[in-house]
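Hydrogens, waters and symmetry mates are skipped; everything else that's a heavy atom, side chains included, is used.
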Amino acid sequence: VQLQASGGGLVEAGGSLKLSCAASSFSTYGMAWFRQAPGKEREFVAAIRWSGRVTRYKDSVNGRFTISGDNAKNTVYLQMNSLKPEDTAVYYCAADTPPSRIIVSALGDSRGYDYWGQGTQVTVSS
């Protein structure tokens with residue numbers, strides 16, 4: 001069981017990054033991205049449920065970030081544009097496996113996800 005995230009790095013404010021995360025050895029019902037900044041709790045960023053291609057976003061990233069993926073490959077992406085210094089954090093991908101325990105209205109609740117990646121650092125300089 002493995003979730004491998006990649007794509008983090010250092011970028012100037014206003015720049016873009018694309019994160020990727022691939023799940024191996026298991027099927028997914030949906031995937032999500034969370035992030036944790038130093039001294040803060042982990043927070044929801046974006047989620048996608050393959051059935052119906054339902055997506056959800058944290059309000060502060062809506063319109064700047066886009067979550068997408070390939071459910072056949074159990075791979076999720078997070079395209080991050082117009083990055084701000086407050087987006088600086090370690091970004092974690094998470095996987096929801098069947099049978100899902102998450103209802104659509106709770107896609108942002110970390111407790112519903114079964115597996116987590118190791119995190120990738122995103123640093124946005126001002």
Test side chain to side chain contact (heavy atoms under 4.5 Å, CB included), reference Val11, set Thr88, Leu17, Thr123, output is Leu17
Worksheet item: So Thr75 and Asp70, side chain to side chain donor-acceptor pair (under 3.5 Å) or not? Walk me through it.
Response: CA-CA 5 Å; Thr75 300; Asp70 184 335; over 6 Å; no
Quiz item: Tyr91 versus Leu78: any side-chain heavy-atom pair under 4.5 Å?
Solution: yes
Please determine whether residues Trp33 and Leu83 belong to a single hydrophobic cluster, defined as Ile, Leu, Val, Met, Phe, Trp and Tyr linked transitively by side-chain heavy-atom distances below 4.5 Å.
yes
On a heavy-atom basis, the closest approach of Tyr29 and Pro98 is N-CD, 4.0 Å
CG (Asp96) and CD1 (Ile102) are apart, to the nearest 0.5 Å, by 3.5 Å
Tested for side chain to side chain contact (heavy atoms under 4.5 Å, CB included) against Met80, the lone hit among Thr66, Val122, Val45, Asp87 is Val122
Quiz item: Between the main-chain N or O of Thr97 and the side-chain N or O of Asp114, is there a donor-acceptor pair closer than 3.5 Å?
Solution: yes
Item to complete: May I ask you to test the Cys21-Tyr77 pair for a side-chain heavy-atom distance under 4.5 Å?
Response: no
Correct closest heavy-atom pair for Ser16 and Gln79 would be CB-NE2, 3.9 Å
Do Arg64 and Lys84 come close enough that some side-chain heavy atom pair is under 4.5 Å? yes
### Query
Does the side chain of Ser68 pick up a donor-acceptor pair with the side chain of Arg53 at under 3.5 Å?
no
Could you go through the side chain to side chain contact (heavy atoms under 4.5 Å, CB included) check for Val90 and Thr120 one step at a time? CA-CA 5 Å; Val90 177; Thr120 184; over 6 Å; no
| message | Hydrophobic cluster membership, with links at side-chain heavy-atom distances under 4.5 Å among I/L/V/M/F/W/Y: are Met31 and Val104 in one? | response | no
Only residue of Arg35, Gln36, Gln118 satisfying side chain to side chain contact (heavy atoms under 4.5 Å, CB included) with Tyr92 is Gln36
Notebook entry, point to check: Under 3.5 Å, is there a donor-acceptor pair between the side chain of Asn81 and the main chain of Gly15?
Noted result: no
> Are Val54 and Tyr57 connected, step by step, through hydrophobic side chains (Ile, Leu, Val, Met, Phe, Trp, Tyr) whose heavy atoms are closer than 4.5 Å?
Replying inline: no
With side chain to side chain contact (heavy atoms under 4.5 Å, CB included) as the criterion, how do Ser100 and Arg49 come out once you've worked through the C-alpha distance, each side chain's angles and the decisive distance to 0.1 Å? CA-CA 10 Å; Ser100 177; Arg49 168 161 287 178; 3.1 Å; yes
Original post:
Is there a side-chain contact between Ser20 and Gln4 (heavy atoms, below 4.5 Å)?
Top reply: no
Rounded to the nearest 0.5 Å, the OG atom of Ser25 sits from the OH atom of Tyr115 at a distance of 9.5 Å
| query | Would you say the side chain of Tyr113 lies within less than 4.5 Å of the side chain of Leu107, judging by non-hydrogen atoms? | reply | yes
**Asked** If two hydrophobic side chains count as joined below 4.5 Å and joins carry through other members, does Ile67 share a cluster with Phe65?
**Response** yes
Using the rule that Ile, Leu, Val, Met, Phe, Trp and Tyr join whenever any side-chain heavy atoms are under 4.5 Å apart, tell me whether Phe34 and Leu19 fall into a single cluster.
no
Nearest heavy-atom approach of Thr28 to Ala23 is CG2-CB, 4.0 Å
